[in-house]
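The block underneath contains the structure these notes are about, expressed in structure tokens.
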Amino acid sequence: MIYNLELTLEEMQRQALLKGKIEGKLEGKLEGELEGELKGKREVARNLLLLNVDIDTVIKATGLDPEEINALKKQLEQ
């Protein structure tokens, strides 16, 4: 009986470890996707600013906040 409990505990530990690995991979993948999406929005914003599109339109088109758009604009002006 104790042997069965030990096996059950070991199996539970293996499952918890596997679950943790899977969750970690999914979290990393999601984080990477979000970073990629943000990078894409910044690139679109840069391109729109280079085309002299007004800041309000860039904000609406990208969903980025005004502070970030202004920071990108300052980078382009340097």
Side-chain angles (χ1 to χ4, degrees):
M1 181 134 162
I2 291 176
Y3 179 73
N4 286 340
L5 286 174
E6 289 173 352
L7 288 177
T8 301
L9 287 173
E10 287 176 10
E11 181 60 26
M12 290 171 68
Q13 288 172 338
R14 276 194 291 270
Q15 288 178 4
L17 182 61
L18 180 61
K19 181 180 177 186
K21 287 181 181 180
I22 290 171
E23 287 175 354
K25 286 181 181 181
L26 289 174
E27 185 177 321
K29 183 177 179 180
L30 179 59
E31 186 177 313
E33 288 174 0
L34 291 174
E35 286 177 19
E37 184 178 325
L38 181 58
K39 184 177 179 181
K41 287 181 177 185
R42 287 178 179 150
E43 186 63 31
V44 169
R46 275 190 206 96
N47 290 336
L48 291 171
L49 291 170
L50 287 170
L51 293 170
N52 295 315
V53 174
D54 66 282
I55 291 177
D56 287 335
T57 302
V58 176
I59 292 168
K60 289 176 185 173
T62 63
L64 296 174
D65 59 52
E67 293 81 19
E68 186 154 12
I69 301 297
N70 286 320
L72 288 171
K73 187 174 182 179
K74 286 180 184 178
Q75 287 176 359
L76 293 172
E77 291 171 353
Q78 294 178 356

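All values below come from the heavy atoms of this structure, side chains included, with hydrogens, waters and symmetry mates left out.
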Regarding K39 and E43, does a basic nitrogen lie under 4.0 Å from an acidic carboxylate oxygen?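 No, this pair does not count.
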
Short N-O contact, R14 and E11, less than 4.0 angstrom: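 Looking at E11 together with R14, the answer is yes, because their closest N to O distance falls below 4.0 Å.
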
Between L64 and L51, is there a shared hydrophobic cluster once you connect ILVMFWY residues whose side-chain heavy atoms come closer than 4.5 Å?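 L64 clusters together with L51.
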
L72, L50: one ILVMFWY side-chain cluster at the under-4.5 Å cut-off?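 In one cluster with L72: L50, yes.
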
State the [atom1]-[atom2] distance between [X] and [Y], to the nearest 0.5 angstrom.
{"X": "Q75", "Y": "R46", "atom1": "CD", "atom2": "CZ", "value": "6.0 Å"}
{"X": "T57", "Y": "N52", "atom1": "OG1", "atom2": "CG", "value": "12.0 Å"}
{"X": "L48", "Y": "I59", "atom1": "CG", "atom2": "CD1", "value": "11.5 Å"}
{"X": "L18", "Y": "E23", "atom1": "CG", "atom2": "CD", "value": "10.0 Å"}
{"X": "K19", "Y": "K21", "atom1": "NZ", "atom2": "NZ", "value": "15.5 Å"}

Walk me through whether L26 and L30 qualify under side-chain contact (heavy atoms from CB on, under 4.5 Å). CA-CA 6 Å; L26 289 174; L30 179 59; over 6 Å; no

Take atom CD in E27; do more than 12 heavy atoms of anything else shown fall under 6.0 Å from it?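 No - once you tally the heavy atoms of other residues, nucleotides and ligands closer than 6.0 Å, there are 12 at most.
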
Residue pair V58 / L49, side-chain heavy-atom distance below 4.5 Å: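 Yes, their side chains come closer than 4.5 Å.
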
